[in-house]
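Everything below concerns the one structure shown next.
In what follows, every chain begins at residue 1, and chains take the letters A, B, ... in the order their sequences are listed.
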2 protein chains.
Amino acid sequence: MVSTRDRLIDAATRLLDQGGPAAVTLREVGRLAGVSHNAPYKHFAGKQDLLAAVAARELFRQERPRRRRPDSKPGPDARQLMHEYVRWATRYPARFKLTFGSWSTGSDELADAASSARSVLVAAVERGQAAGDLPPGDPERLAALILAVAHGAVDLALNGHLSRTGKGHASPKDLVDDLFDQLGA
Amino acid sequence: MVSTRDRLIDAATRLLDQGGPAAVTLREVGRLAGVSHNAPYKHFAGKQDLLAAVAARELFRQERPRRRRPDSKPGPDARQLMHEYVRWATRYPARFKLTFGSWSTGSDELADAASSARSVLVAAVERGQAAGDLPPGDPERLAALILAVAHGAVDLALNGHLSRTGKGHASPKDLVDDLFDQLGA
DNA sequence: ACCTGAACACCGTTCAAGT
DNA sequence: ACCTGAACACCGTTCAAGT
């Protein structure tokens, strides 16, 4: 038995994927969930709060598989993490833009999920430094640099600002690899 | 004598800076420009086209000072270019998000301005490579890596996804410098 | 060529009311 | 506790008409 709240988030996510945030109208969300156009107000403060719930669920789903990993196995390295990040963002561009966009709502749920996701990357960077694959220095700051490249490359590519043709053509994954190659040298 | 068209773009830019794209209503744009709420339709195809004009003017203004530079002086180096990029984006976040967001309208004006701005960076990267400050390789691809860091760092910072406190704290400018330091080593 | 005023369809949000 | 239907204010866009 899936709750109305979950069905509302499902519907909002589907509409978001299809047509961006503008396509997420409360009327259509309600219709897809089988309720009236203002039933969402009984579960969320408004449209913004509904979208924040979508973003929070997305972050949680990204992080959960890594949390479940048994402690005996080390997690994936930072390069692999960024490859997954790029792959997810490319596949679900609207979710990517929403999740990493600015939330005017100061949702605790979102803040917690984001900081948790960041700590996974920092841990991977620390393992890379210990193995000599990454340069020394503050691991949080190096993680920020790595995330900035992945995030920026994806955002530029999604918006058509990466040269899409000719010798200069590089995919976000290529640019992430370029960075790690430079860091390893 | 400033044209109605320019006054409309001015008004739209002001509203954009104050409250983001949602605050740019054609009614308020018209009111600020001293015309009716649908006079903009005589100059632009619609709201989207008006916002594209704002973005195009912004790109043009960024690029113009560099084009006027006499050929005898070499342009600023890539690091300095990215510092200016970060400074502009931090000062006018709404313009940054609009200009580097996705334009559904395939505006030629925008595409030209964007590719022109990119070529300025590529030229700076080539000079850096010639001077031995940057590693060898395809300059377009290296320029894309550098732009990805600056763009990603600014976007993460604007959206509050860069750790704002503690030892991991790094500003977009810091991250740009980190990349250039790594590339120079 | 440029502009206006009325009108239409749509949306977020509120409210009174129902079970 | 959860939901509905009507209503309100607002917005993008279109249209007929004016100079």
Output one letter per nucleotide in nucleotides 11-18 of chain C: B when a protein non-hydrogen atom lies under 4.0 Å from the base, S when only the sugar-phosphate is that close, - when neither is.
BBBBB---
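- In this structure, B:Arg7 atom CZ and C:dC2 atom P are separated by 13 Å, rounded to whole Å.
- A:Thr13 and A:Asp10 share no donor-acceptor pair across their side chains, judged by distance under 3.5 Å alone.
- Salt bridge annotation for A:Arg79-A:Asp181: present, with a cationic side-chain nitrogen under 4.0 angstrom from a carboxylate oxygen.
- Pair check for C:dG5 finds D:dC15; Watson-Crick or G-U wobble, both atom distances under 3.5 Å.
- Here B:Thr4 does not reach the OP1 or OP2 of C:dC2: none of its side-chain N or O atoms lies under 4.0 Å away.
- Summarising the base pairing, C:dC10 is matched to no nucleotide, lacking a Watson-Crick or G-U wobble pair whose two defining distances lie under 3.5 Å.
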Would A:Phe100 and B:Asp155 count as a side chain to side chain contact (heavy atoms under 4.5 Å, CB included) if you check the C-alpha gap in whole Å, the side-chain angles of each, and the deciding distance to 0.1 Å?
CA-CA 9 Å; A:Phe100 287 91; B:Asp155 201 48; 5.8 Å; no
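- Between A:His43 atom NE2 and D:dA1 atom C1' the separation is 9 Å, expressed in whole Å.
- Checking side-chain atoms of A:Asp49 against main-chain N and O of A:Phe44 turns up no donor-acceptor pair under 3.5 Å.
- Salt bridge absent: B:Arg87 and B:Glu84 never bring a charged side-chain N and a carboxylate O closer than 4.0 Å.
- The two residues A:Val86 and A:Lys173 come nearest to each other via the heavy atoms CG1-N, 4.1 Å.
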